[in-house]
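Structure record follows, encoded as structure tokens.
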Amino acid sequence: IAAMLRELERPETDHQRRKAIGDRLDALGDPRRGIGVGSDGTPEIDWCPVPGGEVVIEEEKRTKEHVEPFYTARYPVTATQYKAFVEADDGWRNSRWWRDDLRRDALTGPDELGRIGNHPVVRVNWYDAVAFCRWLGHRLGFTVGLPDEFQWQQSATGGLAGRTWPWGSNRDVKREPYLA
């Protein structure tokens, strides 16, 4: 397992190899923090600080907004983590997380959320994601929410204004095909 984890840390490891390693780690019991759940069934999230700053988004018009410092998860929510919400006694079926502002559709079958536990969960709509955040925040003792567009941009650029990518504004596809 240690050799696979070291290989994942190398930026030149291509996407196909990363997927193969991820699949194998899932079968062996992925030890990375931020992938699974704790002994009490609460998802373990690897929180990463994101600095505040001015974020400019240029689409149809130029929009600028100040973003306060916040934390974001190192990894997307995994199938294992979301299934913990679905299966918990205080989880998906508890109306507390839905209140009047969320529409609850029929529960997606656990196999439809993703067959590989350490892969990102799939088939979760915005309402389900908000309910998951409310549940997780309650379990952790602080507010957990989905990032808005400006927080997402701040995370994607590493918190440095003017960057197109977290590693800078330039990308040489032939020299660095692994950056995405």
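Predicted, not measured: the structure shown is a model, and the values here were computed from it. Just the heavy atoms: all of them, side chains too, but no hydrogens, waters or symmetry mates, feed the values below.
Looking at Q81, its side chain does come within 3.5 Å of a backbone N or O of T78 through a donor-acceptor pair. The backbone N or O of G114 sits less than 3.5 Å from a side-chain atom of K83, completing a donor-acceptor pair. At least one donor-acceptor pair under 3.5 Å links the side chain of T157 to the backbone N or O of Q153.
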Donor-acceptor pairs are to be reported for all side-chain atoms of residues 116-124 against protein atoms at under 3.5 Å, with residues two or more places apart or in another chain.
{"residue": "N118", "atom": "ND2", "partner": "G22", "partner atom": "O", "Å": "2.8"}
{"residue": "N118", "atom": "ND2", "partner": "D30", "partner atom": "OD2", "Å": "2.8"}
{"residue": "H119", "atom": "NE2", "partner": "D23", "partner atom": "OD1", "Å": "2.7"}

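Not a single salt bridge (Lys or Arg N to Asp or Glu O under 4.0 Å) links R96 to another residue, sequence neighbours left out. Applying the salt bridge (Lys or Arg N to Asp or Glu O under 4.0 Å) criterion to R99, with sequence neighbours excluded, gives no partner residue. A131 pairs by the side-chain contact (heavy atoms from CB on, under 4.5 Å) definition with F85, W97, W98, L102, not counting sequence neighbours. Shown here are the salt bridge (Lys or Arg N to Asp or Glu O under 4.0 Å) partners of R103, two or more places apart in sequence or in another chain: D105. For F70, the side-chain contact (heavy atoms from CB on, under 4.5 Å) test picks out V50, V67, T72, Q151, Q154, S155, with sequence neighbours left out. For D89, the salt bridge (Lys or Arg N to Asp or Glu O under 4.0 Å) criterion is met by no residue, not counting sequence neighbours. With sequence neighbours left out, D101 forms a side-chain hydrogen bond (donor to acceptor under 3.5 Å, both in side chains) with R134. Taking the side-chain contact (heavy atoms from CB on, under 4.5 Å) definition, one finds that W47 meets it with I45, Y71, L140, F142, V144, sequence neighbours left out.
What you find for G41 and W135 is that their closest heavy atoms are O-CH2, 3.9 Å. Contact between R10 and R18 at its shortest, heavy atoms only, is O-NH2, 2.7 Å.
Sorted by first and then second residue, the salt bridge (charged side-chain N to carboxylate O under 4.0 Å, His left out) pairs with a member in residues 136-158 read D90-R139; sequence neighbours excluded. Residue pairs meeting the salt bridge (charged side-chain N to carboxylate O under 4.0 Å, His left out) criterion with at least one member in residues 39-52, sequence neighbours excluded, are D46-R74.
Cation-pi contact between R32 and Y75: present, with separation from the ring centre below 6.0 Å and deviation from the ring axis of at most 45°.
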Between F132 and D128, is a side chain to side chain contact (heavy atoms under 4.5 Å, CB included) present by the stated rule, with each step listed? CA-CA 6 Å; F132 172 84; D128 293 323; over 6 Å; no

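Membership of the apolar cluster around L28 extends to I1, M4, L5, L8, I21, L25, as traced through chained side-chain contacts below 4.5 Å between ILVMFWY residues.
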